[in-house]
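Some notes on the structure that comes next.
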Amino acid sequence: MLTIHHLYADMMNLYGDRGNVISIKKRCEWRGIGVEVVDVGLGERVRPTGCDIFLFGGGQDREQALLADDLSGSKGEDLRAVVEDGGVVLGVCGGYQLMGHHYETPEGEKLPGVGIFDLHTEPRKPDEARLIGNVLVEVPAPETGDVRRVVGFENHGGRTYLGDCEPLGTVVAGFGNNGRDGTEGARRLNAYGTYLHGSLLPKNPWLTDQLILTALRREDDTVELEPLEDSAEGNAFASMAGRLAGRR
Ligand SMILES: NC(=O)CC[C@H](N)C(=O)O
């Protein structure tokens, strides 16, 4: 049984990030893989089962401030332990920002993060716009050495800067972490962070399956996923990626 832990489901669900939960759930069900969804709200502990995917969606500054305190206690420790143990975690935008050291709001408030990634996020300057639009990212797959593509939508004021931390990938079109250094997102062990809403996973079925496979293989490293008929999603992905790549 794969457990999807949906962190702050009712607070951090900007731009349809709940679609990430639905995509993982359906792609498991279509394969006859047992899957359950557990909402993890304020004051609730994360309870790993050994076959888990933790999802942390996007949110406005107000929601981030409300839950930053909740993350600074035992829940943050538990999430760091999950990542160190090779657990699968995906943070999107506001959730991603709070997986770093801190997120500084435009009002100058530094919201403490969980410290999963060595990164921090600064506010946009008064004369800077929010980073908004469609994004195309090239993601190296170290396991196979090939490069995959990810598409999505971004809308964030924060500018994220990586320290000793790998990016998820390189921006081909769009802004990414900060609109300056060409990086998008972050990755460490099996923890992923990204600015891509969309929602991300329905638009990028290969990434969804990679998260599912990684989680399943923590229990049984011989598991394989039967392929699904992704032509519709694949065509939508290819046309968006092609359009965006044409903007290089
Ligand atoms: N889309 C989001 O999750 C926004 C994150 C954060 N509030 C920012 O504006 O950068």
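Atoms within each ligand, like the ligands themselves, are counted from 1 in listed order. We use all heavy atoms of the structure for the numbers below, so side chains are in, but hydrogens, waters and symmetry mates are not.
Residue Asp61 places at least one N or O, backbone or side chain, under 3.5 Å from an N or O of ligand 1. Geometrically, ligand 1 and Arg130 share a nitrogen or oxygen pair separated by less than 3.5 Å. Close N/O approach between Gln60 and ligand 1 is not found [any backbone or side-chain N/O within under 3.5 Å]. When only interatomic distances are considered, the shortest N/O to N/O separation between Gly94 and ligand 1 falls below 3.5 Å.
Taking every non-hydrogen atom of Asn155 and a distance limit under 4.0 Å, the qualifying atoms of ligand 1 come out as 1 (N), 2 (C), 4 (C). Atoms of ligand 1 found under 4.0 Å from any heavy atom of Gly58 (numbered from 1 in listed order, with element): 3 (O). Contact atoms of ligand 1 toward Tyr15: 1 (N) (distance under 4.0 Å to a heavy atom of the residue). Numbered from 1 in the order shown, with element, the atoms of ligand 1 that lie under 4.0 Å from a heavy atom of Gly158 read 8 (C), 10 (O). Listed by number with element, the atoms of ligand 1 under 4.0 Å from a non-hydrogen atom of Leu14 are 1 (N), 2 (C), 3 (O).
In summary, Arg47 and Glu36 do not engage in a salt bridge, as defined by a charged side-chain N under 4.0 Å from a carboxylate O. Ion pair Glu29/Lys25 flagged as a salt bridge, since at least one NZ, NE, NH1 or NH2 atom sits closer than 4.0 Å to an Asp/Glu carboxylate oxygen. Salt-bridge annotation for Asp118 and Arg188: absent, with no side-chain N of the basic residue lying under 4.0 Å from a carboxylate O of the acidic one. Looking at Arg217 and Glu224, a side-chain N of the basic residue comes within less than 4.0 Å of a carboxylate O on the acidic one, giving a salt bridge.
Heavy atoms of His197 approach ligand 1 to within less than 4.0 angstrom. Heavy-atom distances between Tyr103 and ligand 1 reach below 4.0 Å in at least one pair.
Under 4.0 Å from ligand 1, the heavy atoms of Gln64 that appear belong solely to its side chain.
Checked against the 6.0 Å centroid threshold, Tyr195 and Tyr96 count as a close aromatic pair. Aromatic ring centres of His101 and His120 lie farther apart than the 6.0 Å criterion allows.
For Asp69, the CG atom sits in a loose shell: 12 or fewer heavy atoms of surrounding residues, nucleotides or ligands are nearer than 6.0 Å.
A donor atom on one side chain and an acceptor atom on the other are not found under 3.5 Å apart for Tyr8 and Asn13.
Residues Leu14 and Gln60 are in side-chain contact: their nearest non-hydrogen atoms beyond the backbone lie under 4.5 Å apart.
Between the side chain of Asn20 and the main chain of Leu201, a donor-acceptor pair closer than 3.5 Å is present.
Given atom 2 (C) of ligand 1, the protein heavy atom at minimum distance is Cys93 SG, 2.8 Å. Given atom 4 (C) of ligand 1, the protein heavy atom at minimum distance is Gly59 O, 3.3 Å.
Across Pro106, Gly157, Gly95, heavy-atom proximity to atom 9 (O) of ligand 1 is greatest for Gly157.
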